[in-house]
Amino acid sequence: MPDEANQPRFLTLAQVADELNVKQSLVQRLIRTGELRAFQVGGRGMWRIGRQDVEDYITQAYQRTAERIAAGDFDDGAESEDQE
């Protein structure tokens, strides 16, 4: 695992999608719904997501999943690679 000091503070949409192993369109949707914090920079409005915001999203996703499992809402069906 790379040293955190050498990691960039902010990530692009593509980097976050790669980190979460999802499509960029899902990352955009997470930003649009407010589930993932992000901001735009520059004249072209490029999106950036803080590394800590990605870690916070993952932590919250684990928590939501644990709550669903505890409530008996667990779908053990096969994952679809087509899902975003």
Side-chain angles (χ1 to χ4, degrees):
M1 177 181 266
D3 183 2
E4 284 188 35
N6 295 328
Q7 296 295 314
R9 180 175 177 187
F10 299 105
L11 304 170
T12 65
L13 291 173
Q15 290 170 318
V16 173
D18 186 53
E19 184 83 16
L20 296 175
N21 196 27
V22 298
K23 295 180 181 178
Q24 273 188 238
S25 58
L26 177 58
V27 175
Q28 291 169 325
R29 190 175 332 152
L30 293 171
I31 292 168
R32 194 170 38 252
T33 62
E35 292 180 69
L36 180 61
R37 285 177 18 133
F39 62 96
Q40 289 184 291
V41 295
R44 298 165 92 185
M46 297 178 294
W47 286 99
R48 293 295 180 264
I49 302 99
R51 181 165 291 285
Q52 185 59 51
D53 292 315
V54 175
E55 293 302 323
D56 292 345
Y57 171 78
I58 293 169
T59 298
Q60 292 167 3
Y62 275 125
Q63 180 64 35
R64 286 189 304 269
T65 301
E67 290 169 0
R68 284 182 38 225
I69 291 170
D73 181 18
F74 181 73
D75 179 14
D76 61 352
E79 281 189 39
S80 169
E81 290 294 323
D82 295 331
Q83 288 182 342
E84 293 182 30

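All values below come from the heavy atoms of this structure, side chains included, with hydrogens, waters and symmetry mates left out. This chain uses plain numbering: 1 for the first residue, then up along the sequence.
Hydrophobic clustering places Leu20 together with Leu26 (ILVMFWY residues linked when any side-chain heavy atoms are closer than 4.5 Å, directly or through intermediates). Linking ILVMFWY residues whenever their side-chain heavy atoms come closer than 4.5 Å, directly or via other members, places Leu13 and Val54 in the same cluster.
Partners of Gln28 under the side chain to side chain donor-acceptor pair (under 3.5 Å) rule, at least two apart in sequence or in another chain, do not exist in this structure. Annotation: side chain to side chain donor-acceptor pair (under 3.5 Å) contacts of Glu19 (sequence neighbours excluded): none. Asp56 pairs by the side chain to side chain donor-acceptor pair (under 3.5 Å) definition with Gln52, not counting sequence neighbours.
Between Thr12 and Arg48, the closest side-chain pair of non-hydrogen atoms falls below 4.5 Å.
Side-chain atoms of Arg51 come within 3.5 Å of backbone N or O of Pro8 as a donor-acceptor pair.
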Can you give each donor-acceptor pair under 3.5 Å made by side-chain atoms of residues 31-47, sequence neighbours left out, with the distance rounded to 0.1 Å?
{"residue": "Thr33", "atom": "OG1", "partner": "Arg29", "partner atom": "O", "Å": "3.1"}
{"residue": "Thr33", "atom": "OG1", "partner": "Leu30", "partner atom": "O", "Å": "3.2"}
{"residue": "Thr33", "atom": "OG1", "partner": "Glu35", "partner atom": "OE2", "Å": "3.2"}
{"residue": "Arg37", "atom": "NE", "partner": "Asp53", "partner atom": "OD1", "Å": "3.0"}
{"residue": "Gln40", "atom": "NE2", "partner": "Gly45", "partner atom": "O", "Å": "2.8"}

Give the table of side-chain donor-acceptor pairs shorter than 3.5 Å for residues 57-66, with sequence neighbours excluded, one pair per line with atom names and distance.
{"residue": "Thr59", "atom": "OG1", "partner": "Glu55", "partner atom": "O", "Å": "3.0"}
{"residue": "Gln63", "atom": "NE2", "partner": "Glu67", "partner atom": "OE2", "Å": "3.0"}
{"residue": "Thr65", "atom": "OG1", "partner": "Ala61", "partner atom": "O", "Å": "2.8"}

